Engineer: 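Dropping the structure in here first, questions after.
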There are 2 protein chains.
Amino acid sequence: MRDVAALAGVSLKTVSRVVNEEAGVSPDVRERVTAAVQRLDYRPNLAASNLRRTGARSGLIGALVQDVSNSFSAGLLRSLEDAARSHRTGVLAASLDEGVDREQELVHDLVTRRVDGLVLMPASDRQDYLVAELRTGTPAVFVDRPPRGVDVDSVVIDNLLGGRMAAEHLLDRGHRRIAALFHLPTLTTAQLRREGFTAAHTDRGLRPDPRLVVDGVASTDEASEVVHRLLDLDDPPTAVFAGRNILASGAVRALRERGVHHEVALVGFDDFPLADLLDPPLTVVRQDVTKIGRLVAERLFARIGGDTSPPQHLVVDPTLVSRGSGEIPPRA
Amino acid sequence: MRDVAALAGVSLKTVSRVVNEEAGVSPDVRERVTAAVQRLDYRPNLAASNLRRTGARSGLIGALVQDVSNSFSAGLLRSLEDAARSHRTGVLAASLDEGVDREQELVHDLVTRRVDGLVLMPASDRQDYLVAELRTGTPAVFVDRPPRGVDVDSVVIDNLLGGRMAAEHLLDRGHRRIAALFHLPTLTTAQLRREGFTAAHTDRGLRPDPRLVVDGVASTDEASEVVHRLLDLDDPPTAVFAGRNILASGAVRALRERGVHHEVALVGFDDFPLADLLDPPLTVVRQDVTKIGRLVAERLFARIGGDTSPPQHLVVDPTLVSRGSGEIPPRA
DNA sequence: CTGCCAGGTGACAACGTTGTCAGGCCACAG
DNA sequence: CTGTGGCCTGACAACGTTGTCACCTGGCAG
């Protein structure tokens with residue numbers, strides 16, 4: 001900047017004025033400075049600028065997701081990126097892999113980096129630690145899972161409704177023995193999906209067979225094993241509800257291995273690419289990632305802009321996408 | 001920091017020393033400062049610190065990929081993230097969507113932000129503009145597509161070999177009429193895959209039917225149309241090679257729609273989740289994203305660390321994953 | 001007792017930028 | 001001619017931190 005000022009024969013402050021497009025610089029000076037900037041390939045130092053400016057922003061938001069490479073997280077990040085771009089803001093993303101310690105570390109790191117805001121798909125049960133972090137004034141928005149121990153904005157889908165929709169879809173088609181696989185019951189999302197599943201039965205005066213409802217299924221392989229086991233029962237299920245995207249893959253594999261993929265109905269939770277190319281195409285309860293990302297960004301940038309209204313907890317309705325696997329009728 | 005110094009009854013510099021774990025501070029002073037830091041919830045300002053320190057790093061690398069939400073890019077980012085973590089560095093990712101202008105803008109933005117390094121999956125044909133950007137000393141590594149107009153490190157797969165492997169796999173199984181779909185011929189990757197495909201034929205004294213080789217297929221839907229059209233020929237292909245992941249989806253759909261998915265062989269390029277759950281499971285030429293990401297990070301951090309050796313152009317061999325669709329024999 | 005050294009500490013300048021304010025110039029009204 | 005006001009411009013301090021160097025203290029050798 002000093003060099004630019006020297007070359008243009010003006011003071012530092014004038015260069016600053018030109019670079020920041022402030023009013024009140026005569027056209028010829030402006031031109032001289034612009035030329036010097038070009039010639040010397042000068043780039044303002046954002047860090048120094050932020051340091052001096054009062055209430056300056058880093059132009060960065062942090063996003064902690066379960067895994068950058070899984071399709072749900074990746075889609076969310078993409079949606080955030082698009083929204084952030086219009087605020088001239090970049091997205092600094094990191095994967096938690098359900099690591100509770102990692103979550104705390106990364107939040108601390110991001111706050112120290114002075115990100116303008118935080119998007120959090122938490123791995124932890126409770127986030128009391130956040131209270132101290134957020135005292136610095138960094139706003140945070142939760143996504144996919146609601147906050148506990150700290151009251152901030154959140155955007156989640158209606159998991160209760162999602163579970164209910166899946167069960168109703170199958171019950172309406174005559175299924176009475178529906179297996180259901182869920183993730184760890186400590187997770188609110190899994191719990192609500194399970195409740196919705198049960199509620200759909202109760203509404204119709206039915207009761208799910210407890211042996212067919214399995215909690216704590218954590219991986220694709222486990223899901224596959226569980227489905228195999230359930231199909232071995234004397235009175236096997238005629239339909240399966242996989243309460244999470246990776247569990248659906250396991251279920252598909254197991255049904256395929258048994259050769260019953262055209263006989264046992266299957267509904268998954270969370271859509272994924274190619275679900276429509278499976279045989280039969282997979283019926284799923286879909287979360288609209290793009291919309292969720294948009295809402296998250298909306299809340300976050302409102303907070304960054306100074307919104308101090310009470311925290312909002314937005315709930316997005318899932319939709320059921322019928323593709324074939326969920327419309328298989330029960331075996332006679 | 002001033003407050004911490006006041007509370008601990010020491011000078012600013014001493015606080016700095018304690019925070020940076022420098023030697024030569026008496027234990028009791030260290031303790032007093034640490035306590036004050038805790039009590040006031042003090043966080044060092046990284047930007048200010050970097051400003052003062054000579055040759056300080058921002059602890060950020062920029063990664064420009066085709067689309068953060070596509071499985072190849074997302075996998076790559078994840079691999080980069082893991083490597084960057086061990087260098088206490090964050091990954092700032094953005095999507096190009098094949099936008100050439102966007103590429104230039106974003107690169108400029110990232111360099112101005114003083115990222116420590118740049119990972120680029122370019123959308124542009126040539127990157128002459130980079131020469132000026134890199135004069136600031138920011139190292140860059142290209143991935144998936146080689147640099148043109150600027151000489152920097154790159155990591156790509158052997159696309160020629162990949163195309164050849166796919167063709168050989170099908171030729172070895174007796175196929176003689178193999179359709180092939182490629183992306184824009186202006187892209188080096190597409191061009192090389194095509195050349196490999198042709199070379200495999202030539203090696204065996206064969207020649208691909210030019211009517212079966214289609215360039216410029218840009219989307220899933222287009223791929224589907226093209227396959228339909230080729231199957232309408234009097235002498236239709238007995239196998240299809242889809243030269244890019246999204247083209248494979250289109251091909252699968254078309255074959256499925258014609259009900260010939262168990263009669264016409266199919267080999268895709270680029271693996272994707274669930275490819276093994278399709279019917280028949282999809283045979284693909286796979287790029288090892290994790291390895292590619294690791295190599296990219298290795299080169300980049302070597303450069304950041306001061307490596308000034310001549311640019312390296314690493315080529316990773318693809319592997320062929322046989323799953324079923326590629327092993328269908330030609331119709332009698 | 002003096003001189004020296006090592007260890008601990010602080011004052012000050014500097015990093016690259018911008019907010020504040022003062023000053024110079026010119027046009028125009030009185 | 002003088003005074004007033006508006007338009008440009010620059011000097012200076014400040015943002016939060018760290019590198020440099022000087023200072024102080026106490027211990028120990030001569």
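Here is how names work: the chains are called A, B, and so on, in the same order as the sequence lines, proteins then strands, and each is numbered from 1. In this text the structure is predicted, and so the values were computed from the model without any measurement.
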Engineer: How many whole angstroms separate atom CG of L51(A) from atom C1' of dA13(D)?
Structural biologist: 13 Å

Engineer: Would you mind classifying the nucleic acid contact of R30(A) as base, sugar-phosphate or nothing, using non-hydrogen atoms under 4.0 angstrom?
Structural biologist: nothing

Engineer: Is the phosphate of dG10(C) approached by T14(B) (side-chain N or O, under 4.0 Å from OP1 or OP2)?
Structural biologist: yes

Engineer: Nearest whole angstrom, please: distance from the P of dT17(D) to the CG of D3(B).
Structural biologist: 10 Å

Engineer: Counting only N and O atoms by type, is there a donor-acceptor contact under 3.5 Å from the side chain of T112(B) to the main-chain atoms of H108(B)?
Structural biologist: yes

Engineer: Just checking, any donor-acceptor pair under 3.5 angstrom between side chains of S26(A) and D28(A)?
Structural biologist: yes

Engineer: Give R43(B) one of three labels, base, sugar-phosphate or nothing, depending on what nucleic acid heavy atoms sit under 4.0 Å from its own.
Structural biologist: sugar-phosphate

Engineer: Can you tell if the side chain of N45(A) reaches within under 4.5 Å of the side chain of R114(B), non-hydrogen atoms only?
Structural biologist: yes

Engineer: Run the numbers on Q127(A) and R145(A) for side-chain contact (heavy atoms from CB on, under 4.5 Å), then give the verdict.
Structural biologist: CA-CA 11 Å; Q127(A) 297 82 30; R145(A) 300 175 190 172; over 6 Å; no

Engineer: Give every pair of a protein N or O atom and an N or O atom of nucleotides 18-23 of chain C that lie under 3.5 Å apart, one pair per line with the distance.
Structural biologist:
from: dT18(C); atom 1: OP1; to: N20(A); atom 2: OD1; distance (Å): 3.2
from: dT18(C); atom 1: OP1; to: N20(A); atom 2: ND2; distance (Å): 2.7
from: dT18(C); atom 1: OP2; to: S16(A); atom 2: OG; distance (Å): 2.5
from: dT18(C); atom 1: OP2; to: N20(A); atom 2: ND2; distance (Å): 3.2
from: dT18(C); atom 1: O2; to: R52(A); atom 2: NE; distance (Å): 3.0
from: dT18(C); atom 1: O2; to: R52(A); atom 2: NH2; distance (Å): 3.4
from: dG19(C); atom 1: N7; to: K13(A); atom 2: NZ; distance (Å): 2.9

Engineer: Both R114(B) and G9(B) contact DNA chain C. Which one's nearest nucleotide lies toward the 5' end?
Structural biologist: G9(B)

Engineer: Cut-off 3.5 Å, no hydrogens considered: what does the side-chain donor-acceptor table look like for residues 61-70 of chain A, sequence neighbours left out?
Structural biologist:
from: Q66(A); atom 1: OE1; to: N70(A); atom 2: ND2; distance (Å): 2.8
from: D67(A); atom 1: OD1; to: S69(A); atom 2: N; distance (Å): 2.8
from: D67(A); atom 1: OD1; to: S69(A); atom 2: OG; distance (Å): 3.0
from: D67(A); atom 1: OD1; to: R78(B); atom 2: NH1; distance (Å): 2.9
from: D67(A); atom 1: OD2; to: S69(A); atom 2: OG; distance (Å): 3.2
from: N70(A); atom 1: OD1; to: F72(A); atom 2: N; distance (Å): 2.9
from: N70(A); atom 1: OD1; to: S73(A); atom 2: N; distance (Å): 2.9
from: N70(A); atom 1: OD1; to: S73(A); atom 2: OG; distance (Å): 3.4

Engineer: Round to a whole Å and report the spacing from CG of N45(A) to C1' of dA14(C).
Structural biologist: 14 Å

Engineer: Report the distance from atom CZ of R57(A) to atom P of dC15(D), rounded to the nearest whole Å.
Structural biologist: 21 Å

Engineer: Looking at dA11(C), I'd like to know if its phosphate oxygens (OP1 or OP2) sit under 4.0 Å from a side-chain N or O belonging to S11(B).
Structural biologist: no

Engineer: Figure out the CD/P separation between E31(B) and dG8(C), and round it to whole Å.
Structural biologist: 15 Å

Engineer: Is there a donor-acceptor contact under 3.5 Å linking the side chains of S309(A) and D307(A)?
Structural biologist: yes

